[in-house]
Every structure is written in structure tokens, then in C-alpha cells.
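Here's the structure we're looking at; comments come further down.
Convention: sequence-line order gives letters A, B, ...; per-chain numbering from 1.
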Amino acid sequence: MNYRQQFAEKIHSHLEGMVDVNEIISLIEEPKYSTHGDLAFPCFTLARKLKKSPQQIAADLSEKINAPFLEKTVPEGPYLNGFLNKESVSRQVIQQINEKQGNYGSFSIGNGKTITLDFSSPNIAKPFSMGHLRSTVIGNAIANISEKCGYKVVRINHLGDWGTQFGKLITAYKLWGSEEKVRENPIKELFHLYVTFHEKAEKQPDLEDKARSWFKQLEAGNEEASQLWKWFREESLKEFAKIYGLLDIQFDSYDGEAFYNDKMDAVIQVLKAKDLLSVSDGAEVVDLTDENMPPCLIRKKDGATLYATRDLAAALYRRKTYHFEKSFYIVGQEQHLHFQQLFLVLQKMGYDWAAELKHIPFGFILKDGKKMSTRKGKVVLLEDVIKEAIDLAYKNIEAKNPSLVNKQEVAKQVGVGAIIFHDLKHERQNNIEFNLDEMLKFEGSTGLYVQYTHARGRSILRKASVKDDLNIVGLTDSHSWTVIKTLMDFPNVIEKSFQHTEPSVIARYVLNLSQEFNKYYSHVKILSDDAEQNSRLALVNSVTIVLKEGLRLLGVQAPEQL
RNA sequence: GUCCCAGUAGCUCAGCAGGAUAGAGCAACAGCCUUCUAAGCUGUGGGUCGCAGGUUCGAAUCCUGCCUGGGACGCCA
């Protein structure tokens, strides 16, 4: 069903082997204006080789080329425009989607190989902020997309459950905390302590030393420190579970930083054995000046390890445990340098698979044009935002469709979907200004628009009582054709989205398909008893299948009714 | 200072393995519900594609420099 390729082969067969087929494929484009047809071949590059004007080439090719899948070809200046046979093509597209259902657009390029994805990774004892939302939803979508492409994926939540922050937290807890307060409202109180620490430390620098010392004791296995750590961690995980429940996201592993505590010595030994470690200002580092990069800190002057050490241990462990072919890190772009260093160190250690590790960065959620800082306590809680979204969705349902059953369930799907979709429709590298109104909009280019379109389609199908044996004929009117062509594009969209590790490609695609279906819906009477009715219903079914599958890949649900 | 990301309509953003006339949504204005969900559809207005060079038959798209905004640059992650 790859008409682009077939078109290219036709052209190729009339060029006496002067140009490679693949080169022709890469030249073929889709005309911007539908009056120019469905496929276009610009003849400029051939002009020199064939010593003919592009116009002449287009005209010659047009006379020679004909094929069952082509209705006609028309030379238009230097372009050869191809018009697909709408009748047969539309019939095939509709049939194929109805057959394959949710598997339409799946690939086997992954060949069952494994990809590990490190995403979400919130810090213990800190609230789940809007900032973590990005890693969480982008990572989850890329995981789904990878599966769709035939990979086995391992979703890893690399919890920030270790590090100097626990030294700070223990220090603060011992100075100003109370057990009752923490029990009452764990995250809030722990976070309050964390913020207080940073406020006070500005005037009392010795607090930082205390924190370092506590962390060192924690690493050494000090009983009191370990008890506190365990407690803080458990309370935090309970809180995170609520968020993941709302977002409907699961992980295969919660092995966080603490998990690698006993695996770091080995890393340091290897580094030493390969003579990669050097001492600088009392700290142990891997020098990267050859690569034009600042050194990678492995061990602090007080002997404590750093996140680079843990990430090295984690990479080695994951390779050994999961035998991944690729390994993705969905982490903010501010950590770009860290990952460059990490990958380089692994390369220097002699692991050729280091080339398959990939940092997938994303932009910030900004507040008034600036990065939000957790340390100062200025943070917007994701849970609050989600609850507000669900609330608003519920109110909208009450206003628009008060008789709907499962109002609460649908409100959740719509509210959560709005937040996920708002994030994923932007290219991940872009910064996003935090704007609740924008996020909770329920019109225009939103998740709801897609859900609504899907529900409209499903509603028709319920009314129509579809027959099993669909006798499908081609649909050739312009509204159907636009929808068909978009449906035909879905597999390419999946592939592009995977190759660029860019969920927004799919988000924009489902918006586009929705828009075209809504036009179709308002211009064509679907439930009308004539020879094409079955075909129209099959088309509607195709659209709902693709919309639902597209949303699923993004982590958004598609309710039957709204 | 070095490095990374971004700069396209009033606002939010697509388009950037170069191609025909630069597109959506929001906002503004004007229409469309006795017919499949109006959370929708139709129409109107709105652009020096940050600036300057370069490569090319052809540049929003590729290269160089500059400007603006955000971020990173050793003991946080």
C-alpha cells in the first residue's frame, strides 16, 4: 500500500536506470495543494543528468506512466503530479484498517529487541511538581511508541532516593522537625523542611557541612540516618503512587539511586584499573579535556559519591540485566552536559554499547519566563492541577451533557487527558510557560477535541448497528478523500515519531485527523440508506480506530461517550 | 567567556533529511443546530519567517556571523 514507492518505481522504470530508485523516493513529496494531486515528483535534479528541461522531463514521464493505482499523471511545469485512483485506494485503506484494528500502524523494526527508558524519576521528599510531569508523560509516550515499533521496553523509574538532599533533610528534621507533623502530612512537611534548610543555609553556611556529614553517615549505614531515610522514602512513594494512578502509568522497575549504593565500588575499581581517575582539588574525576569537556566528578573530596557515579553503575547494571539494544534517558535539557560526560566516560571505559545510550531532553515549564525552582519552595503541585482539571471537566459535562452515565469516570479521562495532551502537543524541546487556563481549555487544539471527535464517531456507529460482512466500495468525494489520505499516513507518522523520539508528531496528527473528520462529518450525511453507507460507516470506524490508537500511544484515553 | 535549546500572524504553536501560492488553534468580526453529539462547522481580516551574508535552478528550512530570550558550565540531581 506504499504508493509513494510504487510511484517512484514507475518513474524509475522510465529513466533507463539513470537515477537510483531510493533517490527518486526521497524526492517525491505530497503537494501542498490538493489540486496538484496526491504525489508530486519535482524534475529539477534530473535536468542536468538527462540534459532536458525539467518541464520537458515532467511532460515525457507523464505520457509514459500509467498504473492501476494511478488515475492520471499531469505535468505541471517542472513537476510531475500523480493522482491516485480514489476508488481502489480508499477501498484498500478502509479495508486494511478495519482488519488490523489497533494493530494498524504497528511495525516490527524493533524486532523484539529491548529498550530501557529512564523517566519520571521524581525526588523523594519533594513534591511531584509540574516539572516531573514532562519527563513522566513524554517517557511514557515514547515507551508506548517504541512498543508499537516492535521493541520490548523496560520502564524504569530511577527514583531520586539518594544524595546530599537526604543529608539536608535529616539535618533539617533533627533541628526543626517533629514526628507528628511529618506523620500528618508527609510530603508537605518534608518539603517545608527542605525549603527551610535552604533559607537558613544562606545565612548559616555551616548547615551545609552538617548536611554533608549526615549524608556521609547515611552512606556508612548509620542506624538513625537509615531509619529516617527509609521512613521518608516510604511516605513519598505512597504519594507518588496516587499520581501514577491518576495518570494511569506503570513502571517495570523502581530501582532508584539508592539501589546502586553497593554497585558503585565496582565502577570505581574499573575506572581505577583503566587508569581513568585523577585527583583534582581533592576530588576524584575523569578528565575529559581531550573531548573538550569539563571533567566528570566521580567522588567528592569527603569521599561521598555523586550522581555521575550512580548513573555509571546504573548503565552497567541495566546492560547486564536487560541486555538493552538502546537505552533512553528522558531527562530535562539542563542535564545535557551531564549525559554527554556520562556517555563519554562509558566509551573511555571501553563499552561500545555506550553509543546506543541516548539523552532525550525536553524544555522547562516556566513561570513568568523563568525556570521554577524547587529549592525556594515556589512550586506548583501536579496533583492539585490534575484535580482542578478533573473538576472543570466535570462541570463542563454537567453543562453540556448532564444525562451522561459515568460522569465521574469520563471527567477523569478528560481532565487528565487535557493535561497530558497539552504537554505532548508541543515539541519536547520547547519551553512551556505554565498557564493553567491554557492547560484546561476544552476547545480548539486540545485533547478533548480529539476525544470529542472519537466519541462522535462512536456514537454514529452505535446507532448504525454495523453489519459484520461489510461490503465496501471506494469513496471518492473530496471530504472522504482528505480523511482517507490522512488515515493512510498513520504508519509514517508512527515511524517518524519514533525516529525523532517526538510524541508531538502523533499529537498533531490526531488533531489533524480530527479536524478533517469533523469537516467530513458536517458535510457528509453518514447515516443515509444508500449503496455507500456501509463504506461510510467503515470509514468512520477507521477514524475512531486510529484516533483511539493515537491517543493510547500518548497515554490519553478515548471515552465512548462525552 | 565556552557550550546547548529557541526566535514564523496580536497570543500559543506547526511547517526545517531545501521545492509550487508560508499553515493551524486562540483572540476579533460575520454566519450555521426541525437531520448522525454546536466541546462542532463555514467565512473575513491579520506575516520584513530575529538580522546580515553565503551555498543552490530554488532557502522559513542547509552553512557562517551577529542580536534577543532561556538554560548548562566541579564537589546538587
Side-chain angles (χ1 to χ4, degrees), chain A residues 26-27 29 31-33 36 40 42 44-45 47-48 54 76-79 81 121 123 158 160 162-165 167-168 208 211-212 257 280-285 292-302 304-308 310-311 331-338 340 361-364 366 369-371 374-375 393 396-397 399-401 404 414 422 425-427 429-433 435 438 441-446 448-449 451-453 455-464 499 504-505 508 511-512 514-515 518-528 536-537 540 561-562:
Chain A
S26 69
L27 284 170
E29 52 195 90
K32 221 176 288 176
Y33 301 91
H36 289 146
F44 304 99
T45 44
R48 215 168 280 161
E76 185 104 13
Y79 288 86
N81 291 329
S121 311
N123 293 319
H158 190 70
W162 203 253
T164 325
Q165 81 230 33
K168 293 175 182 174
E208 298 277 2
R212 265 193 286 275
E257 294 171 352
S280 162
D281 293 339
E284 292 184 79
V285 307
N292 234 338
M293 244 183 246
C296 181
L297 279 262
I298 300 295
R299 197 147 39 178
K300 299 200 257 184
K301 61 183 168 196
D302 66 359
T305 54
L306 286 134
Y307 68 128
R310 278 184 285 277
D311 276 352
V331 181
Q333 59 183 18
E334 71 276 21
Q335 292 198 42
H336 177 76
L337 180 62
H338 163 68
Q340 296 303 321
F362 53 86
F364 304 99
L366 303 174
K370 302 270 181 208
K371 194 184 164 191
T374 14
R375 293 194 183 184
N396 272 290
I397 293 169
K400 311 257 182 190
N401 191 2
L404 181 70
V414 170
H422 174 263
K425 77 176 175 182
H426 298 100
E427 275 184 347
Q429 288 268 33
N430 292 352
N431 291 340
I432 299 177
E433 173 71 24
N435 183 336
E438 194 67 38
K441 246 180 202 155
F442 286 143
E443 56 180 274
S445 313
T446 62
L448 178 83
Y449 180 76
Q451 291 173 320
Y452 177 73
T453 309
R456 267 182 146 181
R458 293 298 307 159
S459 171
I460 288 184
L461 293 170
R462 269 195 308 277
K463 286 199 174 134
Q499 270 162 1
S504 69
V505 171
R508 279 192 304 273
L511 282 172
N512 184 245
S514 298
Q515 194 170 43
N518 280 322
K519 283 180 192 170
Y520 171 79
Y521 181 96
S522 64
H523 288 99
V524 176
K525 175 81 183 159
I526 296 158
L527 289 177
S528 147
R536 285 194 303 269
L537 288 170
V540 173
Q561 288 182 61
L562 282 176

Give the rounded distance in Å between these two atoms: [atom1] of [X] and [atom2] of [N].
X        : N     : atom1 : atom2 : result
A:Leu337 : B:G71 : CG    : P     : 16 Å
A:Tyr307 : B:C76 : OH    : P     : 10 Å
A:Leu27  : B:A17 : CG    : C1'   : 11 Å
A:Gln561 : B:G40 : CD    : P     : 18 Å
A:Phe442 : B:C26 : CZ    : P     : 15 Å
A:Leu297 : B:C73 : CG    : P     : 11 Å
A:Leu511 : B:C26 : CG    : C1'   : 13 Å
A:Asn431 : B:A72 : CG    : C1'   : 13 Å

Roughly how many Å apart are [M] and [N], using the [atom1] atom of each and rounding to a whole number?
N     : M     : atom1 : result
B:C13 : B:A20 : C1'   : 25 Å
B:C62 : B:G15 : C1'   : 16 Å
B:A6  : B:A17 : P     : 12 Å
B:A72 : B:C63 : P     : 26 Å
B:G54 : B:G47 : C1'   : 25 Å
B:G45 : B:G50 : P     : 24 Å
B:A52 : B:U61 : P     : 12 Å
B:A28 : B:C73 : C1'   : 47 Å

| So, is B:A17 syn or anti if syn means the angle is within 90° of 0? | syn

| Syn/anti state of B:C49 by chi, 90° boundary around 0 | anti

Contacts of type side-chain hydrogen bond (donor to acceptor under 3.5 Å, both in side chains), residue [X], not counting sequence neighbours:
X        : value
A:Thr453 : A:Asn518
A:Glu284 : A:Arg299
A:Asn512 : none
A:His338 : A:Asp311

Below 4.0 angstrom from OP1 or OP2 of [N], is there any side-chain N or O of [X]?
X        : N     : answer
A:Asn430 : B:G7  : no
A:Arg508 : B:C13 : no
A:Gln515 : B:G25 : yes

Which nucleotide in the list [options] gets nearest to the side chain of [X]?
X        : options             : value
A:Tyr449 : B:G70, B:U37, B:C41 : B:C41
A:Gln333 : B:G70, B:U37, B:A72 : B:G70
A:Glu76  : B:A20, B:A77, B:C41 : B:A20
A:Glu29  : B:A77, B:A20, B:A39 : B:A20
A:Lys519 : B:C76, B:G74, B:U42 : B:U42

By salt bridge (Lys or Arg N to Asp or Glu O under 4.0 Å) - contacts of [X] (at least two apart):
X        : value
A:Glu29  : none
A:Glu427 : none
A:Arg456 : none
A:Arg508 : none

Under 4.0 Å, heavy atoms only, any strand: does [X] hit a base, just the sugar-phosphate, or nothing?
X        : result
A:Asp281 : base
A:Val414 : nothing
A:Leu404 : nothing
A:Lys441 : sugar-phosphate
A:Tyr33  : base
A:Pro31  : base
A:Ala47  : nothing

| query | Are side-chain heavy atoms of A:His422 and A:Ile432 found at a separation under 4.5 Å? | reply | yes

| task | Could you tell me which residues satisfy ring pair (Phe, Tyr, Trp, His ring centres under 6.0 Å) with A:His36, sequence neighbours excluded, listed by chain and number? | result | none

| Is the side chain of A:Arg536 donor-acceptor paired with the backbone N or O of A:Ile526 at a distance under 3.5 Å, no angle test? | yes

| Between A:Asn431 and A:Gly363, is there a donor-acceptor pair closer than 3.5 Å when you use the side chain of the first and the backbone of the second? | no

| Base of B:G74 paired with side chain of A:Ser280 (donor-acceptor, under 3.5 Å) | yes

| said: Is it the case that B:A20 (base atoms only) and A:Asn81 (side chain only) share a donor and an acceptor within less than 3.5 Å, ignoring hydrogens and angles? | reply: yes

| field | Consecutive-pair stems (3 or more, Watson-Crick or G-U, under 3.5 Å) for RNA chain B | value | B:1-7 with B:67-73, B:10-13 with B:23-26, B:28-32 with B:40-44, B:50-54 with B:62-66

| Heavy-atom closest pair, residues A:Lys425 and A:Ser504 | O-CB, 3.7 Å

Could you pull out the protein-nucleic contacts involving nucleotides 33-36 of chain B (nitrogen or oxygen on both sides, under 3.5 Å)?
{"from": "B:U35", "atom 1": "O2'", "to": "A:Lys525", "atom 2": "NZ", "distance (Å)": "3.1"}
{"from": "B:C36", "atom 1": "O3'", "to": "A:Lys463", "atom 2": "NZ", "distance (Å)": "3.1"}
{"from": "B:C36", "atom 1": "O2", "to": "A:Leu527", "atom 2": "N", "distance (Å)": "3.0"}
{"from": "B:C36", "atom 1": "N3", "to": "A:Ile526", "atom 2": "N", "distance (Å)": "3.1"}
{"from": "B:C36", "atom 1": "N4", "to": "A:Tyr521", "atom 2": "O", "distance (Å)": "2.5"}
{"from": "B:C36", "atom 1": "N4", "to": "A:Val524", "atom 2": "O", "distance (Å)": "2.6"}

| Does the side-chain contact (heavy atoms from CB on, under 4.5 Å) test come out yes or no for A:Arg458 and A:Gln561, once each step is laid out? | CA-CA 8 Å; A:Arg458 293 298 307 159; A:Gln561 288 182 61; over 6 Å; no

| request: Step by step, work out the side-chain contact (heavy atoms from CB on, under 4.5 Å) result for A:Asp281 and A:Lys301. | output: CA-CA 8 Å; A:Asp281 293 339; A:Lys301 61 183 168 196; over 6 Å; no

Shorter than 3.5 Å, N or O on both sides, protein versus nucleotides 54-61 of chain B: list them out with atom names.
{"from": "B:C57", "atom 1": "OP1", "to": "A:Arg48", "atom 2": "NH2", "distance (Å)": "2.8"}

